[in-house]
Amino acid sequence: FMVAMDDDFNTPKALAVLHELVSHLNKIEASDMTARQSVAMELLGMAQLLGLLYASPERYFQGGSGGEAEREQINALVAARDRARDEKAWAKADEIRDQLKAMGVVLEDKAGKTVWRKES
């Protein structure tokens, strides 16, 4: 990775190294947590040098230009929709879902929990 960086910031080579590390990480047995954590930290450190992997995947997909205030508004609407669904107020839940959709929010109901992301 550092050889690629020293080679006039050769991003394609650096990304290839990251890809190799991900492949290696996926092959490490789940029971070998020490090795998995070591490789994961190495991967994270290299990726962050390129400006990658600063946000969790959930946070990344909830991104966009709206910032924290928009995220809070969306979270409040999702919670209100969940309450409406719990109360079997289907029309209200659908109304909130449509409002979120108009904001570019995609909802996914998984295992009793609603997760959201911004449309790409």
Side-chain angles (χ1 to χ4, degrees):
F1 181 83
M2 292 311 293
V3 169
M5 293 291 91
D6 289 342
D7 181 19
D8 200 24
F9 204 70
N10 191 330
T11 307
K13 283 185 181 179
L15 290 174
V17 172
L18 294 181
H19 184 272
E20 289 175 21
L21 267 178
V22 169
S23 295
H24 178 63
L25 182 61
N26 288 333
K27 292 176 185 171
I28 298 173
E29 295 291 326
S31 60
D32 192 353
M33 288 305 293
T34 302
R36 289 181 65 82
Q37 287 177 337
S38 176
V39 173
M41 292 306 295
E42 185 178 4
L43 172 67
L44 184 62
M46 289 178 190
Q48 288 182 344
L49 283 173
L50 294 173
L52 304 172
L53 302 180
Y54 275 97
S56 70
E58 181 179 84
R59 181 87 171 182
Y60 173 80
F61 286 112
Q62 291 179 352
S65 59
E68 191 61 34
E70 181 184 42
R71 250 188 307 284
E72 289 176 12
Q73 179 187 17
I74 292 168
N75 285 331
L77 287 168
V78 169
R81 177 180 172 266
D82 287 344
R83 281 191 303 278
R85 290 180 63 184
D86 289 344
E87 297 167 1
K88 299 189 186 328
W90 306 119
K92 181 67 174 172
D94 289 345
E95 178 185 318
I96 296 169
R97 182 199 61 223
D98 292 343
Q99 183 180 356
L100 287 163
K101 185 175 182 180
M103 295 170 67
V105 175
V106 176
L107 299 176
E108 296 178 19
D109 296 311
K110 297 181 177 181
K113 181 181 177 193
T114 304
V115 295
W116 65 271
R117 64 179 169 80
K118 294 288 276 185
E119 285 182 311
S120 38

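Predicted model only: the values in this text are computed from it and were never measured. Side-chain atoms are counted along with the backbone in the values below, which use heavy atoms only and exclude waters and symmetry mates.
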4.5 Å side-chain heavy-atom contact, D109 and R81: yes
Rounded distance [0.5 Å steps], CE in M5 versus CG in L50: 5.0 Å
E108 atom CD, over 12 foreign heavy atoms within 6.0 Å: yes
Gap between atom CD of E95 and atom CG of L77 - 0.5 Å precision: 10.5 Å
Donor-acceptor pair, side chain of S23 and main chain of H19, under 3.5 angstrom: yes
Neighbour count above 12 (heavy atom, 6.0 Å) for D8 CG: no
Evaluation steps, side-chain contact (heavy atoms from CB on, under 4.5 Å), between K92 and E87: CA-CA 10 Å; K92 181 67 174 172; E87 297 167 1; over 6 Å; no
D32/V39 under side-chain contact (heavy atoms from CB on, under 4.5 Å): CA gap, chis, key distance, verdict: CA-CA 11 Å; D32 192 353; V39 173; over 6 Å; no
Same apolar cluster: V22 and M2, side chain cutoff 4.5 Å: yes
I28 side, atom CD1; M33 side, atom CE - distance, nearest 0.5 Å: 10.0 Å
ILVMFWY cluster, M46 and V3 together (side-chain gap under 4.5 Å): no
Any side-chain heavy-atom pair of I74 and W116 under 4.5 Å: yes
Path from V17 to F9 over hydrophobic side-chain contacts below 4.5 Å: yes
Intermediate values then yes/no, side-chain contact (heavy atoms from CB on, under 4.5 Å), Q48 and L44: CA-CA 6 Å; Q48 288 182 344; L44 184 62; 3.5 Å; yes
Atom pair CZ (F1) and CG (L43), whose distance is rounded to the nearest 0.5 Å: 9.5 Å
Minimal non-hydrogen separation, A47 against L53, with atom names: CB-CD1, 3.4 Å
Approximate separation, where rounding is to 0.5 Å, of D7 CG and K13 NZ: 5.0 Å
A93 to A84 - nearest heavy-atom pair and separation: N-CB, 3.8 Å
Donor-acceptor contact present, side-chain R36 to main-chain L25, <3.5 Å: yes
Salt bridge flag under 4.0 Å for residues R83 and D86: no
Under 3.5 Å: donor-acceptor pair, side chain of N75, backbone of R71: yes
Closest contact, heavy atoms only, A14 versus A4: N-CB, 3.6 Å
Full working for side-chain contact (heavy atoms from CB on, under 4.5 Å) between D94 and R97: CA-CA 5 Å; D94 289 345; R97 182 199 61 223; 3.1 Å; yes
Nearest-0.5 Å distance that lies between atom CD in E70 and atom NZ in K118: 3.5 Å
